[in-house]
There are 2 protein chains.
Amino acid sequence: MAVKEQWKIGELAKLTGITMRTLHHYDQIGLLVPTLHSDSGHRLYSRQDIARLQQIIGLKQLGFRLNESKELLNHPHFRPDETIRLQLRRVNEQILLHEELRHRLEGLYEMLRIQEDATVEQLIQTIKVMKMTEKYFTPDQMSKIRKQGELLGSKKIKEIENEWLSLVAKVRSEMEKDTSPQSCEVKALAKRWKELVNLFTGGDHDIAMSVKRYYADNPDKAAEFGIDKQVWQYISKAMANSSEY
Amino acid sequence: MAVKEQWKIGELAKLTGITMRTLHHYDQIGLLVPTLHSDSGHRLYSRQDIARLQQIIGLKQLGFRLNESKELLNHPHFRPDETIRLQLRRVNEQILLHEELRHRLEGLYEMLRIQEDATVEQLIQTIKVMKMTEKYFTPDQMSKIRKQGELLGSKKIKEIENEWLSLVAKVRSEMEKDTSPQSCEVKALAKRWKELVNLFTGGDHDIAMSVKRYYADNPDKAAEFGIDKQVWQYISKAMANSSEY
DNA sequence: ACTTGATCCTGACGCAACGTCAGGTTGTAC
DNA sequence: GTACAACCTGACGTTGCGTCAGGATCAAGT
């Protein structure tokens, strides 16, 4: 006729909805150690244990980590102001990050929705454009770039990228042969270079300059096309002495 | 005079800002395996590898996990619409969760700011109240409860909780002795029970009923005070036959 | 008393994305 | 030749448990 004073781990699990494994874990890390054990080693939880568990659950729902909860519960006279403030900061940071993420994803989603044949390649391309536009272009330059992209179509873009790769390779080859930047061959390459740039930029000079800045600031992305400082300076010379502006 | 065509892992790390360890990891999981290795086994990354790395970075910034990115990059003709939608859903869920968290934390912060002697115990108490108020009380019942809490002060509350524990213990003891619920002793206990409830609720009957519902719905929290179904029914009988309503 | 099914125990691996040693090999410059 | 930088491959730590695995205990029926 004894009334329940102790709970076995399974009972506590059913009562609170916390899994047995979790309770095991809490025991292991010293967060919630049952006050009693049966002779055979079975965990027996007391009312105080239940109370502590409630507190743990509460703190967990506030986003605290287990070791933080442990600290808090083991020092009841500690002032939690600073802890709460810290927690608030963490949560706010998370929210900001996720909102930025959502913003980007929504943009992507819109852009993919417009193109009926959206493949992963398109996705990649779109991400590339987004990253450039984030810091290097004004909104209306952005829309121009998008328009030009749609105008060309993804197939054309890939073709151009391929020609671009081989063009840069040719330029590098000339450079390695120490051909003068003023030579006919190199000037021809420089001309084609400009044409390809114009295809991408739609002939907009400001956009071309921004693209240039972008690749200058991000040598890793330029390296993707085989462009490094040396190639850059070399082709710059060839273009600088060109009669075209 | 050869121009850079290959990058060692350290160079790539400096170029892209990705750590060597991360590149090792990407190699290990097959996400980015360098196309070449030197005779001695040093990793040599090609331009294509750099391109792939850029794509990986882009996808990571969109919140994709590495294995998802791997899948996407290995199947360029896959339609990513659904994937993006899924990702958006995930992010939105995260945001909602975090906003709820922030809401709670801000509430907590406010309440702790008001009380000058905020300790962890207060924090726990406040969380308890918040959890109850979230589903069981109307806003103005909530403010009444808060007022009553401030009126009592945290010391008094602890005192009451302690008396509560011993009161329940006494009731249980009588129950185990099979004392009639109508007996003088038990009726006295029931009377004190009501008084304690009134201290907490400020005498508000509706609040008392909601508290009752709360503990009925959450037997785990009632168990914290030593109240289970049997005790509950027993004390209910004692109170039902009382002359007070 | 014996068996059986439910419950409980203690390891130990898995996950996600790396950080951080540790101990040994290579590359390169003087 | 020798030092020092850069690279290599393990392997453990982090966070909060989920999920077996293999064995002991409990409660109930026969």
Side-chain angles (χ1 to χ4, degrees), chain A residues 2 4 6-45 49 53 55-73 87 90-91 94 97-98 101, chain B residues 2 4 6-34 36-45 49 53 55-73 86-87 90-91 94 97-98 101:
Chain A
K4 195 162 292 183
Q6 295 168 350
W7 291 260
K8 293 202 290 184
I9 192 168
E11 297 169 340
L12 188 55
K14 271 183 199 156
L15 206 58
T16 60
I18 304 297
T19 69
M20 278 175 48
R21 175 63 179 104
T22 299
L23 291 169
H24 278 159
H25 185 57
Y26 290 174
D27 188 357
Q28 221 176 350
I29 64 176
L31 176 58
L32 177 64
V33 181
T35 46
L36 286 176
H37 286 81
S38 75
D39 296 346
S40 57
H42 287 195
R43 276 165 261 255
L44 294 174
Y45 292 86
D49 295 335
L53 181 54
Q55 296 165 2
I56 292 168
I57 295 171
L59 290 171
K60 200 173 64 166
Q61 286 174 346
L62 290 177
F64 287 100
R65 290 179 217 150
L66 298 187
N67 53 12
E68 294 171 332
S69 298
K70 191 176 163 187
E71 283 305 304
L72 283 174
L73 292 176
Q87 187 63 10
R90 289 203 295 221
V91 171
Q94 283 295 311
L97 280 176
H98 278 112
L101 231 176
Chain B
K4 195 160 293 186
Q6 295 168 350
W7 291 261
K8 293 202 290 183
I9 192 169
E11 296 169 341
L12 188 55
K14 271 183 199 157
L15 206 58
T16 60
I18 304 297
T19 68
M20 279 176 49
R21 175 61 178 108
T22 298
L23 291 169
H24 279 159
H25 185 57
Y26 290 174
D27 188 358
Q28 221 177 348
I29 64 175
L31 176 58
L32 177 64
V33 181
L36 285 176
H37 285 80
S38 76
D39 295 347
S40 57
H42 287 193
R43 275 165 262 255
L44 295 174
Y45 291 86
D49 295 334
L53 181 54
Q55 295 165 2
I56 292 168
I57 295 171
L59 289 171
K60 200 172 64 164
Q61 286 174 346
L62 290 177
F64 287 100
R65 292 178 215 149
L66 298 185
N67 53 11
E68 294 171 333
S69 298
K70 191 175 163 188
E71 283 305 304
L72 283 174
L73 293 176
L86 176 65
Q87 187 62 12
R90 289 203 294 219
V91 171
Q94 284 296 310
L97 280 177
H98 277 113
L101 231 175

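By convention in this document, chain letters (A, B, ...) are assigned in the order of the sequence lines, proteins followed by strands, and residues within each chain are numbered from 1.
Distance CD (A:Gln28) to C1' (D:dT15): 13 Å, rounded to an integer number of Å. Separating the NE2 atom of A:His25 from the C1' atom of C:dG14 is a distance of 14 Å, rounded to the nearest angstrom. Going from atom CZ of A:Arg21 over to atom P of D:dG16 covers 13 Å, rounded to whole Å. Going from atom NZ of A:Lys70 over to atom P of D:dT15 covers 12 Å, rounded to whole Å. Atom CD of A:Glu11 and atom C1' of D:dA27 are 13 Å apart (whole Å). Atom CD1 of B:Ile29 is separated from atom P of C:dA16 by 10 Å (rounded to the nearest Å). Computed from coordinates, the A:Asn67 CG to D:dC17 C1' distance equals 14 Å when rounded to whole Å. Here D:dT9 presents its P atom at 7 Å from CG of B:Asp27, a figure rounded to the nearest Å.
Both B:Arg65 and A:His37 lie near DNA chain C, and the one whose nearest nucleotide falls closer to the 5' end is A:His37.
Residue A:Arg43 places none of its side-chain N or O atoms closer than 4.0 Å to OP1 or OP2 of C:dC8. Contact check, B:Thr19 against C:dG19: a side-chain N or O comes under 4.0 Å of OP1 or OP2. Checking the phosphate oxygens (OP1, OP2) of D:dC17, no side-chain nitrogen or oxygen of A:His24 falls inside 4.0 Å. The phosphate of C:dT7 (OP1 or OP2) has no side-chain N or O of A:His42 nearer than 4.0 angstrom. Within the 4.0 Å cut-off from OP1 or OP2 of D:dC26, at least one side-chain nitrogen or oxygen of A:Ser40 is found. For C:dA16, the OP1/OP2 oxygens have no side-chain nitrogen or oxygen of B:Lys60 closer than 4.0 Å. OP1 or OP2 of C:dG19 has at least one side-chain nitrogen or oxygen of B:Thr22 nearer than 4.0 Å. Note on B:Tyr26: a side-chain N or O is less than 4.0 Å away from OP1 or OP2 of C:dC18.
Each of B:Leu53, B:Ile18, B:Leu66 was evaluated against B:Leu32; a single residue qualifies, B:Leu53, per the side-chain contact (heavy atoms from CB on, under 4.5 Å) test.
To the nearest 0.5 Å, atom CZ of residue B:Arg21 and atom NE2 of residue B:His24 are 8.0 Å apart. Here NZ of B:Lys70 is found 13.0 Å from OH of B:Tyr26. Values are rounded to the nearest 0.5 Å. Here CG of B:Asp27 is found 11.0 Å from NE2 of B:His25. Values are rounded to the nearest 0.5 Å. From B:Leu97, atom CG reaches atom CD of A:Gln94 across 11.5 Å, with rounding to the nearest 0.5 Å.
Closest to the B:Lys14 side chain, of the nucleotides C:dC9, D:dA6, D:dC17, is D:dA6.
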